[in-house]
Structure formats: structure tokens, C-alpha cells
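Single-structure report; data block below.
Because the structure is a prediction, the values reported are computed rather than measured. Just so we're on the same page: letters track the sequence lines, and every chain starts at 1.
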Amino acid sequence: MGAADADVTIEVQGLSYTYPGSEVPALQGVDLLLEPGKTCALLGRNGSGKSTLARCLNGLLLPGAGRVSACGLDTAEAANALDVYRRVAMVFQNPDTQLVGSTVEEEVAFGPENLGLPQAEIRARVDEALDMVGITELSSRQPLRLSQGQKQLVAIAGAVAMKPHFLVSDESTSMLDHAARLRILELFEKLRAGGMGIVHVTHFLEEATLADSVVVLERGRVAAQGTPRQTLGDPEKVRSMGLDPLAVTVVAFELEKLGHAVSGDVLTVKELLSWLYA
Amino acid sequence: MALRLRLEDVSFSYPLGGREEAPAISGVSMSIEPGDVLCLAGANGSGKSTLAQVCTGLLSPASGALYYGDRRIQGRSSLLQFRRSAGLLFQNPEDQLFADTVEKDIAFGPRNHGLRGEELARRVRDAAALVGLSLDDLASRSPFSLSGGEQRRAALAGVLALEPEVLVLDEPFIGLDYEGRTGLAEALMRYHDERGASIVIVTHDLSYAWSLATRFGLISEGRLENVMTSDELLAGDADLASLGMQLPQWGALARELMQAGIAVDDPADPSSLAGAMAKRKEADGAGD
């Protein structure tokens with residue numbers, strides 16, 4: 001990758017982080033390259049360091065050792081803080097902790113207002129973000145009266161209005177039901193197709209199969225990294241990292257024991273059925 | 001041993017200010033038999049958390065009736081009495097841990113119920129053993145030094161120490177990893193088997209409750225749409241997508257196979273699914 005590309009990637013090099021008062025590092029020597037227009041799923045058991053890594057990406061936490069360069073900006077430089085925050089937006093598990101506006105419109109305008117943009121530009125960004133997320137009809141509603149799924153969409157619209165290069169989702173789907181989750185994942189795909197880089201921390205392996213790449217953390221270190229097929233295809237390996245393997249991969253593994261080699265690593269029901277009927 | 005808990009045409013609304021009300025559940029009738037493991041499943045906002053609170057006496061129905069055994073729960077004294085038979089594990093219960101040792105946290109509920117001395121100590125010991133927390137940890141460790149899964153189990157132990165006959169859990173598996181979920185499920189079933197308790201698991205995710213529940217009550221817009229078995233759910237008797245839910249991945253596979261006329265002995269068992277597929281593949285090969 002050429003030097004010019006650094007302006008549009010997030011580069012994590014040798015990143016370590018230990019919470020104040022803790023003796024055990026939450027992250028140790030993490031190397032990672034996140035690219036625009038790609039989705040990266042971040043997996044790992046509770047306490048593996050997923051959320052800590054997510055928070056390091058936009059400067060909410062600063063490296064104890066190593067370096068995070070977000071779109072060419074070293075997050076450890078205090079002078080870069082605002083620019084990092086503009087480029088790398090975050091949404092969290094519980095939207096209630098993030099919503100402050102009394103209407104959806106105000107909520108979405110909060111970020112751009114903080115950037116000190118002219119009123120007309122704020123208006124345009126809010127309208128565009130609401131449209132992108134598909135919640136224009138909610139614009140005058142009170143955020144706290146909305147469903148959990150709608151609240152999460154509002155939080156994402158707020159992030160989108162910042163026109164970030166990256167969106168980091170820290171388990172934004174984990175409290176949502178299936179229908180709401182699908183809507184969020186479709187939205188991530190739309191943003192990704194528009195060139196945004198998506199980092200999605202999740203417990204759901206089925207969500208991770210949709211990503212371009214998967215990173216599994218274990219005790220603060222990268223335990224596996226690659227395509228969904230490379231990282232999630234082998235149920236034994238997945239289990240050893242404290243994750244619940246995809247049912248389809250367990251069935252494929254059982255089929256192999258019965259003398260049926262299922263060609264390639266299957267991750268979905270559809271793929272396993274196409275093998276069956278081939 | 002639990003008694004039958006019965007809801008008869010129960011409704012509950014939250015006040016919105018002024019004269020407005022937001023109906024949360026309406027016209028719910030159902031029975032939870034002694035020793036039942038019932039999963040109440042529905043999308044976010046379907047009213048299932050409200051129903052959980054009605055089932056444990058924390059909210060009183062605005063209309064309709066609640067019976068525990070032969071007794072109708074009506075009025076303050078019967079409500080207070082019923083609350084001693086029912087326990088609720090709230091969503092994200094570890095947010096409510098507060099004491100400086102695990103032991104004190106678990107003892108908080110039974111102590112409030114007036115227990116002291118050996119009986120209190122026994123309750124704490126038993127509850128800790130049920131959830132698989134080591135006794136050595138209890139006195140010395142802060143609940144905040146536990147892992148996420150351990151914290152959830154410590155919070156469950158606090159409810160189990162009250163020895164509820166009807167145990168209701170609101171999204172107990174949310175946010176837990178594989179180990180955390182497995183540990184919690186084992187603790188629940190130990191309590192169920194040892195005490196003959198009735199268990200109600202409230203969730204939007206069928207996969208985690210699947211192996212535990214004997215029946216599934218499907219909730220939509222405050223109404224109990226249907227109560228069915230896992231077999232009926234697999235057979236596609238409910239339109240889960242319209243209820244904002246989906247089958248777990250193996251369930252979706254099992255359904256596809258069964259719809260194609262491929263018999264599966266135990267759909268929840270991967271080797272059974274694999275066996276059925278292998279048989280079909282071999283039959284296809286033989287026919288070529």
C-alpha cells in the first residue's frame with residue numbers, strides 16, 4: 001500500500017493498552033489495517049479487548065504503547081483529537097446512553113453543530129443523513145419515545161451526519177431483535193458501498209459472515225484474522241477462541257467424519273444445501 | 001415446588017402523561033404449569049418485559065386476573081405474599097451489583113426478607129453452588145472483579161437465594177459470550193431440576209432458549225399470539241419473520257431438510273443433521 005493511501009485507512013501498529021489500576025493489559029501488540037469501503041467484524045469472548053480496540057480507533061482511548069493512525073492522523077496527538085473524531089464515528093450498544101436531543105432532527109444535528117458548520121450546511125447534512133438511514137419520517141419525534149431499533153438508527157444517522165470515513169459499531173446490534181438487526185446490517189452495507197469503512201464489534205457469528213474480513217481477539221491479542229471463511233470455517237478452532245461456532249460448520253465437520261468432504265468452508269445454510277443437491 | 005401460575009385476560013398500560021396511555025400488553029391469557037420452562041419470545045417493544053413483571057407481581061394488571069395455585073393475587077397482602085414465591089432477573093442485572101463482596105450481594109435479598117444466621121448463610125452457599133461460583137470467592141472478592149459471565153451468575157444467585165418457585169428472566173443471555181451463556185443455562189437447569197421451579201425465559205432470540213424451553217409463547221404488539229412447541233416452530237407453524245424473529249441457523253437448516261422430505265431424528269443435534277444429509281447424498285449417488 002502506497003503512502004498516499006494512509007489518508008483513508010486506519011493503521012494500528014503494536015497497539016497495547018492497560019486500563020488504569022489494572023495489572024492485565026486489555027490489548028497487547030495489536031496490528032491491524034482497516035480500509036475504506038470494507039467491513040471488518042471484530043469478534044472475541046467477553047473481556048477479550050474488542051470494545052477497548054474499538055475505542056482506540058477514534059481516540060476515545062489513547063495507546064499505552066504502539067500507534068493508531070486514523071486517516072493519517074496520530075490519535076495520540078492532542079491537536080488531532082477533533083479531526084480524528086470527525087473521521088471516525090462511533091455507535092454503542094445502548095443508544096439511550098448516546099441520545100441527547102429532544103427531537104430526532106436535533107439529535108442528528110448535534111454532531112455537525114459541534115463542528116461549528118454554517119446553518120445551511122447543518123440542515124443539508126441532517127436531511128441527507130435522515131434520508132440515507134431511511135428515518136426522515138421520524139424527524140420530529142422524540143428520540144426517547146422510539147423503539148430500541150429506531151433509536152439505534154437515530155444514533156447512526158447522527159454519526160453519518162459527521163460524514164466520517166469510518167463508522168465503528170460497538171455491539172450496536174446486540175440488544176436488537178432480528179428485524180431491527182437486519183435493518184442496521186443493511187444500512188452498514190449501504191454505507192460501505194458508498195465508500196465508508198465499517199468496523200462492527202459483534203457476538204453474532206452470522207453477522208460476521210457478511211463482513212469482508214474478520215478479526216478475533218483473545219486476551220487482548222489478535223488470535224485470528226482473515227476472510228470469514230478462513231476464520232470461522234473450522235468449528236474446533238472457533239470454539240478454542242471461546243466462540244460458538246456456526247451450526248452449519250459443525251454439521252459440515254460431522255459430515256466429514258461420515259466420509260463426505262464438503263468442498264470449501266461453508267458458512268450458510270444455502271451453501272450447505274447447494275453441496276447437498278450438487 | 002411451584003404452583004400453577006395463571007393469567008386471565010390480563011392487560012397493562014403505561015401512563016404517557018395527561019390522559020394518554022401506551023398499552024403494553026392486552027388480553028393475555030396463559031398458564032405456567034409447575035416445573036414448566038416457558039420461553040416468552042417477541043421483538044423489541046412487543047410487551048414481553050412488561051409481561052415478565054406482571055408474572056412476578058412487580059406490576060399489577062390494570063384488568064384481568066392473576067392466579068397462583070387456586071389463589072387470586074389481588075390486593076396488597078396477597079401481592080406481597082406472591083412476590084415471595086416469584087423471582088425476576090432483570091435485563092443486565094450486573095448493573096445492579098453493588099456490595100463490596102460477592103457474598104454480601106447474594107445475601108442482600110434474603111436479608112431483606114428478614115433471614116439471618118445459619119439460614120441466611122445456607123441460602124447464600126446453596127445459591128452460589130447452584131450458579132457454580134466458588135465459595136472461596138464469596139467472602140473475599142468484589143463482584144466487580146468477576147468476568148461478565150460470572151457477574152451475571154452472581155446476580156442470578158442473588159435471585160435464587162430468595163428460593164423463588166417461579167423464576168422469570170428478562171433477556172438473561174444478552175451480551176454474554178458462549179461460555180457465559182453455557183454456564184448460565186447450566187445454573188438455570190440445575191435450579192429447575194433440584195427445586196421443581198417453573199422458569200420463564202423472556203427473549204427476542206430463540207436460539208439461546210431453544211434447548212431449555214418446552215414451550216414458546218410468541219408475543220406481538222402486546223398480545224400472546226400463540227403458544228407452541230419447538231417442533232411446531234421448526235415445522236414453520238408461525239411466521240417468525242413477521243414477529244421480528246428468526247430460527248437459529250441449525251433450525252433453518254433442519255426446516256429446509258424436513259421440507260425436502262429428509263427425515264431428521266433430532267434437529268438440534270448436528271450429528272443427526274449430518275447423518276440425515278449423508279444418507280440423502282448417498283441415496284442420490286446410488287441413483288446416478
Practice item. Starting from the C-alpha separation in whole Å, work towards a yes-or-no answer on side-chain contact (heavy atoms from CB on, under 4.5 Å) for A:L272 and B:M277. Key: CA-CA 10 Å; A:L272 191 55; B:M277 291 180 78; 3.5 Å; yes
Check your understanding: Between A:H203 and B:F173, is a side-chain contact (heavy atoms from CB on, under 4.5 Å) present by the stated rule, with each step listed?
Key -> CA-CA 11 Å; A:H203 275 297; B:F173 299 108; over 6 Å; no
Practice item. Evaluate the side-chain contact (heavy atoms from CB on, under 4.5 Å) criterion for residues B:N44 and A:Q152: first the C-alpha distance (whole Å), next the side-chain angles of each, then the deciding distance (0.1 Å), finally the verdict. Key: CA-CA 12 Å; B:N44 296 129; A:Q152 201 57 282; over 6 Å; no
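Although no hydrogens or angles enter the test, the distance criterion places no donor-acceptor pair under 3.5 Å between the side chain of A:D177 and the main chain of B:H204. Remark: side-chain polar atoms of A:N46 are paired, donor with acceptor, to backbone N or O of B:D177 under 3.5 angstrom. B:K281 places a side-chain N or O within 3.5 Å of a backbone atom of A:W275 that can act as its donor or acceptor partner.
Between B:E282 and A:H260 the shortest side-chain heavy-atom distance falls below 4.5 Å.
With a 4.5 Å cut-off on non-hydrogen atoms, A:L267 touches chain B through its backbone but not through its side chain. Contacts of A:L243 with chain B are made by backbone atoms alone, with heavy-atom separations under 4.5 Å and no side-chain atom involved. Neither the backbone nor the side chain of A:L182 comes within less than 4.5 Å of any heavy atom in chain B. Of the atoms belonging to A:S147, not a single heavy atom falls under 4.5 Å from chain B. Interface residue B:S271: backbone and side-chain heavy atoms are both found under 4.5 Å from chain A. For chain A, the nearby part of B:Q91 is the side chain; its heavy atoms alone come within less than 4.5 Å.
Between chain A and the residues B:G175, B:G148, B:S207, the most heavy-atom pairs under 4.5 angstrom are made by B:G175. Per-residue heavy-atom pair counts under 4.5 Å with chain B were compared for A:G44, A:S174, A:G149, and the maximum is reached by A:S174. For the options B:S147, B:S272, B:G275, B:A274, heavy-atom pairs under 4.5 Å to chain A are most numerous at B:A274. Contact count versus chain A (heavy atoms, under 4.5 Å) is highest, among B:T203, B:L176, B:D269, for B:L176.
Scanning residues 238-268 of chain B against chain A with a 4.5 Å non-hydrogen threshold yields B:G244, B:M245, B:Q246, B:Q249, B:W250, B:A252, B:L253, B:E256, B:L257, B:A260, B:I262, sorted by number.
The environment of NZ in A:K270 is sparse: at most 12 heavy-atom neighbours from other residues, nucleotides or ligands sit within 6.0 Å. Within 6.0 Å of the CD atom in A:Q225, the count of heavy atoms belonging to other residues, nucleotides or ligands exceeds 12. Within a 6.0 Å radius of CZ in A:R219, no more than 12 heavy atoms belonging to other residues, nucleotides or ligands are found.
Distance check: B:Y178 OH to A:L205 CG gives 11.5 Å after rounding to the nearest 0.5 Å.
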Result block: side-chain N/O donor-acceptor pairs under 3.5 angstrom for residues 248-255 of chain A, not counting sequence neighbours:
unit_1 : atom_1 : unit_2 : atom_2 : d
A:T249 : OG1    : A:L246 : O      : 2.6
A:E254 : OE2    : A:K257 : NZ     : 3.3

